[in-house]
Amino acid sequence: SSQSFMGCPDLLSVIIPESIVSIGEEAFENDWQMTSIIFSDNINYIGRSALEGCRSITKLKLPSKLNYIFDKTFKGCMGLEEITIPKSVTMIGEYSGYGQGTSPFDGCVKLNKVIIEDIEAWFKISFGGLESNPLYIAHNLYVDDKLVKDITLPKTITEINKKALCGCTNEMSIE
């Protein structure tokens with residue numbers, strides 16, 4: 001539910017059991033001492049601001065059934081260095097129609113590694129704005145644990161989202 005563990009100063013580590021399928025809005029907001037959270041793969045929803053202000057988490061592996069990453073989900077996670085995004089994700093950030101919303105990664109100043117499973121799925125993600133793409137901060141995209149430098153596009157790709165590589169600073173060749 002929403003705000004379940006919000007502001008729990010003694011919460012250091014969380015393992016979400018298989019029986020949980022969603023994390024409510026602001027569920028762990030401002031649990032600034034929490035160093036790790038392990039999601040079960042049954043989770044298909046993580047609410048807005050769910051981990052906002054969790055500044056001691058350094059790595060996150062998102063659950064394999066997650067579809068959306070909403071605005072402010074990881075806002076202020078200042079210690080976050082690495083995030084693994086599953087191929088099930090189809091939207092990152094929201095577009096209000098009046099400009100950009102607040103990026104899911106706003107304030108994630110140490111983020112430098114975005115790990116994905118599948119480059120084709122990455123190109124299909126809808127980003128709410130340029131800053132919704134975690135590469136805007138991280139600059140480095142990895143497939144599994146290998147830095148992406150050369151991309152051979154599968155023949156099944158007919159369109160590339162123009163925001164998919166926004167922020168990548170390493171030299172990359174695309175065929």
Side-chain angles (χ1 to χ4, degrees), residues 1-17 20-41 43-96 100-117 122 125-142 144-145 147 163-169:
S1 70
S2 297
Q3 301 178 345
S4 299
F5 299 95
M6 181 180 182
C8 292
D10 297 326
L11 191 62
L12 300 178
S13 180
V14 175
I15 298 173
I16 308 292
I20 304 295
V21 296
S22 69
I23 306 293
E25 293 184 9
E26 303 170 345
F28 297 97
E29 185 177 356
N30 292 324
D31 291 342
W32 56 271
Q33 289 191 59
M34 184 169 62
T35 57
S36 73
I37 184 166
I38 299 172
F39 298 105
S40 85
D41 278 330
I43 293 173
N44 58 26
Y45 176 86
I46 298 175
R48 287 169 190 81
S49 301
L51 294 170
E52 182 176 342
C54 293
R55 61 186 185 203
S56 298
I57 294 175
T58 57
K59 292 182 182 182
L60 279 175
K61 182 177 181 185
L62 300 180
S64 63
K65 291 183 181 174
L66 187 68
N67 294 115
Y68 307 112
I69 300 174
F70 295 105
D71 284 351
K72 300 189 343 182
T73 302
F74 309 109
K75 181 180 178 183
C77 290
M78 297 182 288
L80 185 62
E81 298 172 8
E82 175 182 309
I83 190 163
T84 301
I85 298 174
K87 62 184 175 183
S88 58
V89 170
T90 59
M91 182 188 83
I92 299 178
E94 301 159 70
Y95 180 73
S96 67
Q100 296 178 353
T102 301
S103 164
F105 306 98
D106 187 33
C108 296
V109 293
K110 290 187 179 179
L111 187 62
N112 62 30
K113 190 173 187 180
V114 177
I115 302 169
I116 60 171
E117 302 168 322
W122 181 257
I125 292 175
S126 174
F127 296 96
L130 295 177
E131 293 180 11
S132 295
N133 187 332
L135 293 176
Y136 186 82
I137 298 169
H139 308 299
N140 297 301
L141 182 66
Y142 291 76
D144 296 320
D145 210 25
L147 181 64
K163 297 173 188 167
L165 296 175
C166 173
C168 268
T169 56

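Along the sequence shown, residues carry numbers from 1. Everything quoted here is computed from the prediction, not taken from an experiment.
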Taking every heavy atom of Ser56 against every heavy atom of Met34, the minimum-distance pair comes out as CB-O, 3.3 Å
With sequence neighbours left out, the residues meeting side-chain hydrogen bond (donor to acceptor under 3.5 Å, both in side chains) with Ser49 are Glu52
Residues Leu80 and Cys108: closest non-hydrogen pair is CD2-SG, 4.3 Å
Here the pair of heavy atoms bringing Ser103 nearest to Glu131 is OG-O, 2.7 Å
side-chain hydrogen bond (donor to acceptor under 3.5 Å, both in side chains) filter on Asp145, not counting sequence neighbours, yields Lys113
Residues at least two apart in sequence or cross-chain that pass side-chain hydrogen bond (donor to acceptor under 3.5 Å, both in side chains) with Lys75, listed by chain then number, are none
Value for CG (Asp106) from SG (Cys77), rounded to nearest 0.5 Å, stands at 10.5 Å
Do Ser36 and Ser13 meet the criterion of a side-chain donor-acceptor pair at a distance under 3.5 Å? yes
Separation between CD (Glu81) and NZ (Lys59), nearest 0.5 Å, reads 8.0 Å
Across all chains, not counting sequence neighbours, the side chain to side chain contact (heavy atoms under 4.5 Å, CB included) partners of Lys87 are Glu117, Asp118, Ala121
Tyr142 meets the ring-ring contact (aromatic ring centres under 6.0 Å, His included) criterion, sequence neighbours left out, with none
task: Using a 4.5 Å cut-off on heavy atoms from C-beta on, say whether the side chain of Phe127 contacts that of Leu135.
output: no
Separation between OH (Tyr45) and CG (Asn67), nearest 0.5 Å, reads 12.0 Å
On a heavy-atom basis, the closest approach of Pro86 and Ser64 is CB-CA, 3.8 Å
Residues passing the side chain to side chain contact (heavy atoms under 4.5 Å, CB included) test with Asn44, sequence neighbours excluded, are Lys65
*Hey, is the main chain of Ala50 close enough, under 3.5 Å, to the side chain of Thr73 for a donor-acceptor pair?*
no
With sequence neighbours left out, the residues meeting side chain to side chain contact (heavy atoms under 4.5 Å, CB included) with Phe39 are Ile16, Ile23, Ile37, Ile43, Ile46, Leu51, Leu60, Leu62, Pro63
Could you check if a side-chain atom of Phe28 sits within less than 4.5 angstrom of a side-chain atom of Ile57, using non-hydrogen atoms only? no
Of all heavy-atom pairs linking Ile92 and Ser132, the shortest is CG2-O, 3.0 Å
Is the backbone of Cys54 close enough, under 3.5 Å, to the side chain of Asp31 for a donor and an acceptor to pair up by distance? no
inquiry  = Between Ile85 and Pro134, is there a side-chain heavy-atom distance shorter than 4.5 Å?
reply    = yes
Using a cut-off of 6.0 Å, state whether more than 12 heavy atoms not belonging to Phe70 lie near its atom CZ. yes
Across all chains, not counting sequence neighbours, the salt bridge (charged side-chain N to carboxylate O under 4.0 Å, His left out) partners of Arg48 are Glu25, Glu94
Shortest non-hydrogen pair, Ser40 vs Pro17, comes out as OG-O, 3.4 Å
With sequence neighbours left out, the residues meeting side chain to side chain contact (heavy atoms under 4.5 Å, CB included) with Thr84 are Lys61, Ile115
Residues passing the side-chain hydrogen bond (donor to acceptor under 3.5 Å, both in side chains) test with Ser88, sequence neighbours excluded, are none
Has Trp122 got a side-chain atom pairing as donor or acceptor with Ala164's backbone, closer than 3.5 angstrom? yes
The residue among Ile83, Val89, Leu141 that forms side-chain contact (heavy atoms from CB on, under 4.5 Å) with Ile116 is Leu141
